[in-house]
Amino acid sequence: MAEGKKEKNSNEESVKLFVGQVPKHMNEAQLLSMFKEFALVDEVNIIKDKTTRASRGCCFVICPSRQEADKAVNACHNKKTLPGASSPLQVKYADGELERLEHKLFVGMLPKNVSEAEVSALFSKYGIIKDLQILRGSQQTSKGCAFLKYETKEQALAALEAINGKHKMEGSSVPLVVKWADTEKERQARRAQKAQSQASNVPNVDSQHPSLFGALPVGYVPPYNGYGYQASSVMFALYGAPGAYGLMQYRLPPMQNQHAFHGIIPPVNQGNAIRGATPDLSPNMGPRNYAIPPASYVGSGYPNVPALQYPMAYPGGMLGHRPLSSSPGSVTPTGANSNSAASSSPGTSSGGQLEGPPGANLFIYHIPQDFGDQDLANAFQQFGRVLSAKVFVDKATGVSKCFGFVSYDGPVAAQNAIAMMNGFQLSGKKLKVQLKRDNKQNNPY
DNA sequence: TCATATT
């Protein structure tokens with residue numbers, strides 16, 4: 001259906017919108033015709049999973065101008081819910097688009113006594129200044145740099161090329177620095193860099209515990225974890241709760257995963273707590289998964305972590321609802337069967353947002369701050385097959401919002417989880433565990 | 001405090 005002039009969209013004028021709450025079954029043609037009712041649209045690109053190519057439930061919409069983009073936003077954002085979506089369409093400028101349209105420059109090496117007016121006078125020669133601020137400290141003292149926005153990219157570029165490294169302000173011996181301002185993404189990357197370099201200031205395990213560290217595979221290089229910092233579970237065992245290391249997420253090397261110990265297994269089942277291959281381990285496995293060589297923990301108790309404080313070892317074993325248990329002689333003295341430990345449930349997922357059937361999805365609040373998806377899954381897997389477990393985190397900081405979801409494959413597990421876990425005290429707060437609100441009304445478009 | 005997903 002996409003006919004008409006389809007000029008290349010790298011056009012400076014065109015604007016990219018991000019659209020969320022797009023049902024995964026919709027295709028680009030359908031979305032295009034929908035958005036065309038409200039604005040000129042050049043293109044729709046569904047955002048797909050890199051490997052499965054399945055829709056991720058969102059798309060980009062390219063509009064030929066800012067005006068058209070605004071029309072689409074105003075007409076659609078939070079205004080309509082597509083059939084199958086749980087909440088209204090989210091339509092906004094894609095990440096980086098606003099910045100791209102701002103033509104923002106950074107000016108460095110400003111003498112501290114230079115005022116806005118003086119900077120403005122200089123830069124106005126190259127175009128219309130839409131915004132200008134000198135960065136200042138607590139006493140309003142200049143930090144010697146400024147941000148500056150022009151009306152057009154051409155003006156900004158002209159100023160950059162004319163002034164950067166060439167123009168010296170009166171009384172200054174060094175020329176001004178003029179660059180494109182960092183984008184939000186660049187700043188985030190920088191923050192992450194910094195956080196990482198701080199995180200690597202942890203005690204040196206090698207030198208302090210050479211024998212234990214030496215138990216790791218020789219020459220083994222753990223996979224990159226996205227933070228440039230490798231932590232071994234042995235370190236966790238030595239130093240206690242990894243939450244002390246801040247926001248970092250840790251990933252265990254695959255070899256160690258083979259022995260990953262999932263914290264909520266009753267003692268009597270220790271023998272089962274050594275997992276075999278663990279296809280269900282998320283690559284984002286949270287810090288509370290301890291890979292401990294069997295000899296290190298059998299008979300020596302558990303790592304001292306919150307995950308172990310659940311109402312798991314119920315001496316009457318009334319918790320033992322185990323849909324997955326093939327239970328060949330799996331009834332143990334505690335009643336909690338071996339499934340939790342031996343589970344090979346390939347469907348268990350902690351990352352995705354798979355929903356279970358009605359009545360099988362839980363909303364959980366007051367989750368401990370340092371819990372991740374996998375921790376949540378671990379905490380709730382004893383009540384049934386966990387289809388997904390998700391702790392929500394702040395997009396910018398990665399800090400947990402302390403609420404999340406657990407989905408089971410059936411309502412019985414959910415009810416058991418509510419019965420056992422609602423009000424359960426964890427890290428000083430009582431979990432609130434209730435059925436997730438059902439958002440799925442039938443929505444027209 | 002109820003599934004937020006940025007090729």
Side-chain angles (χ1 to χ4, degrees), chain A residues 9-10 14-28 31 42-63 69 73 76-78 81-82 84-100 183-189 284 349-369 371-373 376-377 380 386-408 414 417-418 422-423 429-441:
Chain A
N9 285 316
S10 35
S14 67
V15 173
K16 178 160 61 179
L17 298 176
F18 174 84
V19 180
Q21 297 303 323
V22 175
K24 296 195 200 314
H25 57 77
M26 288 187 77
N27 63 37
E28 289 168 349
L31 289 162
D42 291 328
E43 207 175 309
V44 171
N45 301 126
I46 288 177
I47 299 168
K48 305 189 182 88
D49 183 276
K50 206 173 297 177
T51 55
T52 72
R53 309 298 299 159
S55 166
R56 301 186 65 171
C58 47
C59 69
F60 290 120
V61 169
I62 316 281
C63 293
V73 171
C76 301
H77 179 63
N78 269 138
T81 301
L82 265 20
S86 58
S87 48
L89 272 181
Q90 301 298 108
V91 185
K92 44 207 230 199
Y93 283 58
D95 279 357
E97 276 303 89
L98 273 173
E99 288 170 305
R100 186 177 65 79
T183 65
E184 174 64 24
K185 278 203 165 149
E186 288 165 330
R187 271 178 312 196
Q188 272 181 357
N284 300 323
S349 148
S350 60
Q353 46 276 5
L354 318 171
E355 278 209 45
N361 303 293
L362 299 178
F363 172 72
I364 297 144
Y365 197 55
H366 295 315
I367 295 170
Q369 181 80 54
F371 261 45
D373 295 351
L376 188 63
F380 281 81
V386 174
L387 300 182
S388 68
K390 179 108 199 123
V391 175
F392 275 71
V393 298
D394 184 275
K395 198 176 16 176
T397 66
V399 175
S400 167
K401 293 186 167 172
C402 298
F403 74 89
F405 298 90
V406 169
S407 291
Y408 290 107
I418 292 173
N422 186 42
K429 282 183 181 167
K430 288 182 176 176
L431 284 183
K432 178 177 285 194
V433 182
Q434 35 186 230
L435 286 179
K436 179 176 109 61
R437 201 178 288 153
D438 192 6
N439 251 336
K440 293 257 158 105
Q441 319 103 2

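Hydrogens, waters and symmetry mates are skipped; everything else that's a heavy atom, side chains included, is used. As the structure is a computational prediction, the values presented were derived from the model and not from experiment. Labels below follow one simple rule: chain letters A, B, ... track the order of the sequence lines, proteins then strands, and each chain is numbered from 1.
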Practice task
For A:K92, answer base if it contacts any base atom (sugar-phosphate contacts may also be present), sugar-phosphate if it contacts only those atoms, and nothing otherwise; contact means non-hydrogen atoms under 4.0 Å.
Solution key: base
Fill in the blank from the handout: A:L89 CG to B:dT4 C1', in whole Å, measures 14 Å
Exercise for the section: Give a yes/no on whether any side-chain N or O of A:Q21 is located under 4.0 angstrom from OP1 or OP2 of B:dT4. Expected result: yes
Practice task
Mind calculating the distance between CG (A:L435) and P (B:dA3) to the nearest angstrom?
Solution key: 14 Å
Practice task
Quick one: label A:K432 by what it contacts on the DNA or RNA (base, sugar-phosphate, nothing), any heavy atom closer than 4.0 Å.
Solution key: base
Completion exercise
Taken to the nearest whole Å, CG/A:D438 to P/B:dT1 is 21 Å
Fill in the blank from the handout: Taken in chain and number order and not counting sequence neighbours, the residues that satisfy salt bridge (Lys or Arg N to Asp or Glu O under 4.0 Å) with A:K48 are A:E28
Handout entry: Euclidean distance, atom NZ of residue A:K16 to atom C1' of B:dT6 [Å, nearest integer]
Key = 8 Å
Exercise for the section: Grab the CD-P distance between A:E355 and B:dC2 for me, whole Å please. Expected result: 15 Å
Practice task
Classify the angle between the aromatic ring planes of A:F405 and A:F403 as parallel (below 30°), tilted (30 to 60°) or perpendicular (above 60°).
Solution key: perpendicular
Handout entry: Rounded distance (Å) that lies between atom P of B:dA3 and atom NZ of A:K390
Key = 13 Å
Practice task
List for me each residue that meets side-chain contact (heavy atoms from CB on, under 4.5 Å) alongside A:L435, sequence neighbours excluded, and say none if there are none.
Solution key: A:L362, A:A414, A:Q415, A:I418
Fill in the blank from the handout: Separation of B:dC2 atom C1' from A:I418 atom CD1, nearest Å, is 13 Å
Handout entry: Aromatic stack A:F18/B:dA5: centroid gap under 5.5 Å, interplanar angle under 30°
Key = no
Problem - Under-3.5 Å donor-acceptor pair between A:S407 side chain and B:dA3 base - result: yes
